[in-house]
Amino acid sequence: MNNEPRNPVSLPMTTVLAGVAAAVWAAWLGWDQHRDVHPDGSSTGPYEAWQVIGLGLCLLIPVCWSAFRGHVVPAALGTSGGLTLAAAYDWSDDASGLFMIGVVMVMIGSAAATTLTAFLTSALHKGLAGPAHPGH
């Protein structure tokens, strides 16, 4: 058993998780670029609810895996950073210039969600490991 404390911010783990988050964004949201125009003239989109839910559910796996292995900070930083970069790239062609408001909302929302998920996963893992495994 390795009793050395883990580096709370592992750059390789953060980078890998950022890449995974950007790839998952591309898989779920990157291909859908059109808005749906309704009969009353209003428009929605470009994403459907099922796409965003799928993105979130797929990101649970790497976030929880990373937190389970003791990399709580990289789970939050890497995932939210990857999503933020993907949103900025995907939306950068917006003519209104307001895309940065959406990007900041993605950054704040994903940081909050991944931080909460990572800390809860880590706490649950520590609670299940119990006192028999003090290094976990």
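Values reported hereafter were calculated over all heavy atoms of this structure, with side chains retained and with hydrogens, waters and symmetry mates removed. We count residues from 1, following the sequence as given.
- Atom CG of Leu29 sits about 8.0 Å away from atom CH2 of Trp91, to the nearest 0.5 Å.
- Note: Glu48 CD to Trp28 CH2 = 12.5 Å, rounded to the nearest 0.5 Å.
- Remark: side-chain polar atoms of Thr14 are paired, donor with acceptor, to backbone N or O of Ser10 under 3.5 angstrom.
- Two different hydrophobic clusters hold Leu85 and Phe99 under the rule that ILVMFWY side chains link at heavy-atom gaps under 4.5 Å.
- Here the closest non-hydrogen pair linking Val20 and Pro62 is CG1-CG, 3.9 Å.
- A chain of hydrophobic side-chain contacts below 4.5 Å, direct or via other Ile, Leu, Val, Met, Phe, Trp or Tyr residues, connects Leu98 to Met105.
- Cluster membership for Val73 and Ile108, using ILVMFWY side-chain heavy atoms within less than 4.5 angstrom, is not shared.
- Linking ILVMFWY side-chain heavy atoms closer than 4.5 Å, directly or via other members, places Leu60 and Ile53 in a single hydrophobic cluster.
- Residue Gln51 comes nearest to Pro46 through the heavy atom pair OE1-O, 4.1 Å, listed as atom of the first residue, atom of the second, then distance.
- When every heavy atom of Leu17 is checked against every heavy atom of Pro74, the shortest pair comes out as CD1-O, 3.5 Å.
- Between Ala21 and Gly78 the shortest heavy-atom distance is CB-O, 4.5 Å.
- Tested against Val63 for a side chain to side chain contact (heavy atoms under 4.5 Å, CB included), the candidates Leu116, Thr114, Thr121 yield a single pass: Thr114.
- Side-chain atoms of Leu59 and Leu83, non-hydrogen and from C-beta on, do get closer than 4.5 Å to each other.
- Closest heavy-atom contact between Ala67 and Ala118: CB-O, 3.3 Å.
- A donor-acceptor pair is defined here as one N or O able to donate and one able to accept, closer than 3.5 Å; such a pair exists between the side chain of Ser92 and the backbone of Tyr89.
- Rounded to the nearest 0.5 Å, atoms CH2 (Trp31) and OH (Tyr47) are 10.0 Å apart.
- Under a 3.5 Å cut-off, the side chain of Ser80 and the backbone N or O of Ser110 do not form any donor-acceptor pair.
- Once rounded to the nearest 0.5 Å, the distance linking CG of Leu124 with OG1 of Thr117 reads 12.0 Å.
- In the hydrophobic clustering of ILVMFWY residues, with side-chain heavy atoms under 4.5 Å counting as a link, Val52 and Trp25 come out together.
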